[in-house]
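The structure under discussion appears below in the form of structure tokens.
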Amino acid sequence: MYDICVCKGCGRTLEKKFLYCPWCGYSRVSHDEESLDVLFNQYEENRKELRRRQLYEMERELEDLEDELSVLVLSSQMHK
């Protein structure tokens, strides 16, 4: 099993053997250790932001689908 930790830069998990985060480049060397609460809070904030972006994208897609449905309904009513 790997020894893993949480990146202080982006909140992703990575192996402790890495000196730099492969995703964001954050250096794990010569930094004071932060408490786990701070790391988990940062991780949670990153996850919340990701969820917000996903929800926003889904909302846009739903609006596009509703517009297409409206056009289809109008078109079918005109052909009656």
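A donor-acceptor distance shorter than 3.5 angstrom exists from the side chain of Gln42 to the backbone of Gly9, with no hydrogens or angles considered.
The side chain to side chain donor-acceptor pair (under 3.5 Å) check on Glu44 picks up nothing, with sequence neighbours excluded.
Grouping Ile, Leu, Val, Met, Phe, Trp and Tyr residues whose side-chain heavy atoms lie under 4.5 Å apart, directly or via other members, leaves Val71 alone, with no other cluster members.
Listed by first then second residue, pairs satisfying salt bridge (charged side-chain N to carboxylate O under 4.0 Å, His left out) with a partner in residues 59-70 read Glu57-Arg60, not counting sequence neighbours.
Once rounded to the nearest 0.5 Å, the distance linking CZ of Arg53 with CE of Met58 reads 15.0 Å. Residue Asn41 holds its CG atom at 8.5 Å from NZ of Lys48, rounded to the nearest 0.5 Å. Note that CG of Leu55 and CG of Leu62 are 11.5 Å apart. Values are rounded to the nearest 0.5 Å. Between the CH2 atom in Trp23 and the OG1 atom in Thr13 there is a gap of 6.0 Å [rounded to 0.5 Å]. Going from atom OG of Ser76 over to atom NE2 of His79 covers 8.5 Å, rounded to the nearest 0.5 Å.
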Is there a side chain to side chain contact (heavy atoms under 4.5 Å, CB included) between Leu14 and Cys5? Walk through the geometry before answering. CA-CA 6 Å; Leu14 57 126; Cys5 62; 4.2 Å; yes

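When all heavy atoms of Tyr20 and Gly25 are compared, the closest pair comes out as CD2-O, 3.6 Å.
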